[in-house]
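Quick caveat: nothing in here was measured; it's all calculated off a predicted structure. Every chain is numbered from 1 and lettered A, B, ... according to where its sequence line falls, protein lines coming before strand lines.
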Amino acid sequence: MVSDAHDFIRLDRVEKVFQVRRKTGFLRRERHEVRAVDSISFAVARGEMVGYIGPNGAGKSTTIKMLTGILTPSGGRLRVAGIDPSRERTRLARRIGVVFGQRTTLWWDLPLIDSYRLMHRMYRIPDARYRENLDRCVQLLDLGDLLEVPVRQLSLGQRMRGDIAAALLHDPEVLYLDEPTIGLDVISKARVREFLRDLNAERGTTVLLTTHDLQDIEQVCRRVMVIDHGRLMYDGPLASLHEVGESERTLVVDLERELPPIEAAPARVVRVEGPRQWLAFPASESAAPLVARIAAAYPLVDLSVREPDIEAVIAKMYAERTERSGQVNEEGGVGRGGQATEAVS
Amino acid sequence: MGTGRLYAAVAAGGFRRYATYRAATAAGVFTNTVFGLILAYTYIALWNEKPQLGGYDQAQALTYVWIGQALLIVMSVMGGGFEDELIERIRTGDIAVDLYRPVDLQLWWLSGDLGRAAFQLLGRGVAPLAFGALVFELALPGDPFTWLLFLVAVLLGLVVGFAIRFLVALCAFWLLDGMGAAQLAGLCGIFFSGMLLPLNVFPGALGEVARALPWSSLLQRPADVLLGQADPLGTFAFQGAWAAALLAAGRLLQAAATRRVVVQGG
């Protein structure tokens, strides 16, 4: 057994099963179970920055909700800072910060500063500490001109920065961010990411980030966990994820005229449409030498690089698993099939 | 006390949120005044026909009308207080954010609603009553102590009104859309608070029941304290008992609702 003192966050075979009732006819209902989180185990040390990724409905938010104590696990053991979150939600609340990209904790009708004054009281932050933290957030998140503006008048990016500051005034030991860059423009995204890196470096705040955006992970997290269908598919450095998933980036080139497929190994042409060609190359390789070679040999007009999306990486991981351990997967398939028949009967 | 300061800050926020909408406040004062005029002339017709109806003379009846207009929004008799927002937060799931906070839900919303009421008492209560006092001959007391007793009854009435609306709003956890429940509660509020007609006027068993229900704390009972028609201490005891009972019920329902969210994910 590893002691809790070592790991700040620790999950042992944590499960969350929802009972879903479905109408099947007049007054007829049947219950079936949805396994949102299926026996997940991991540990996060103090000061780590971890990305938690997966497609919609994979179980990311359910995990975060269990970590913050607003959902009780159906099974397994879960500890944050030695505390069982669902039993001592309020005590834990003083030590964590939570930011939801699509929800706000700020007072809609009032100036930003009013919400911060409220946090000051809510978390009983000592005056000097509050001043210091507020000044720091205002400076780093560039909130100076926004403090007196009612929240409803803020842009999405400004509101997001406001929400992040609100979550940090009480010096939380861990910060959970659920899709913090969703809907933000490139500059706002970069700003949020930079702030998170600084926060971690200066304060040692543990950060757990769920996202759809691989760039969030690339620029913020050293470690990434992939979840799908409630199961942990991968836990390790991002670079290795690309290897595991054999993910590829795509270089889109516009040539002056229609030409036969470009030859530039290790890249290979995957699609041609008039003068435009799509080339796939391993995500671990740099795009620069490839671009230089193509530019030297072909009449290049324009180009862009597309990052692999998480869905594609995960799909590849699935395919790999099936090839490598078909049997295990088959068993899983039987299990699922069994459940499905149950639901129908 | 740290906790006291937090809820004071929440109340101050509630006050200022409503204070930002000045045009809405002005429009509301106008509406209350027009509505008050219509009711006042209806009551004059009624009391000419039946003087001493319900134990009020005509001046007292008119005073009752204008106190009603002053308190209509303050007490959120027809709804329109914090509960719309709470219902919306439950519906959209934003309530999850509230559960992350180290605060008590009921106290949080009560503080915010008292802040709102304080603003609306000043912003929307004083003007219609002053207008009524200028245009009609009202039976307002000259004794400041009676006004103080009235304010205590208003405060207790606010807590009772809050407790009712808190219960109604929490129904949204089970009903998914709580607006129907809120509208039903609004109708009960209008009738049983005495907003349409003083409850003293209701005959027999209906009157007895209406006067015993918690809604009478919102208008009838504070008005009677101001008009010198009721024993203040008895009124406070009545309101206090309902406030305690309904707040306790709200607490139980809140615990059940939280458990539901925590186990079923809303």
Sort by residue number and list every residue of residues 105-117 of chain B having at least one heavy atom under 4.5 Å from chain A.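 From residues 105-117 of chain B, the residues near chain A are Trp108(B).
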
Using a heavy-atom distance cut-off of less than 4.5 Å, which residues of residues 79-89 of chain B contact chain A?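 The residues closer than 4.5 Å to chain A, in numerical order, are Arg89(B).
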
Heavy-atom closest contact ([X] atom, [Y] atom, distance):
X	Y	value
Val103(B)	Met122(A)	CG1-CG, 3.3 Å
Leu6(B)	Arg121(A)	CA-CB, 3.6 Å
Val97(B)	Thr104(A)	CG1-O, 4.2 Å
Thr90(A)	Pro102(B)	CG2-CA, 3.6 Å

Indicate, with yes or no, if the rings of Tyr100(B) and Phe100(A) have centres closer together than 6.0 Å.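 Yes, they do, as the ring centres are separated by less than 6.0 Å.
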
Which one wins on heavy-atom pair count under 4.5 Å against chain A: Ala96(B), Gly93(B), Ala9(B)?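 So the answer, after comparing Ala96(B), Gly93(B), Ala9(B), is Gly93(B).
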
Distance from Arg16(B) atom CZ to Asp109(A) atom CG, nearest 0.5 Å?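 With rounding to 0.5 Å, CZ (Arg16(B)) is 11.5 Å from CG (Asp109(A)).
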
Is Tyr21(B) close to chain A through its backbone or its side chain, or both, or neither, when contacts mean heavy atoms under 4.5 Å?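 The side chain, not the backbone.
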
Can you tell which part of Arg152(A) gets under 4.5 Å to a heavy atom of chain B, answering side chain, backbone, both or neither?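 For Arg152(A), side-chain heavy atoms alone lie under 4.5 Å from chain B.
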
Note, Leu118(A) side chain near Arg101(B) side chain (heavy atom, < 4.5 Å):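 Not touching, per the 4.5 Å side-chain cut-off.
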
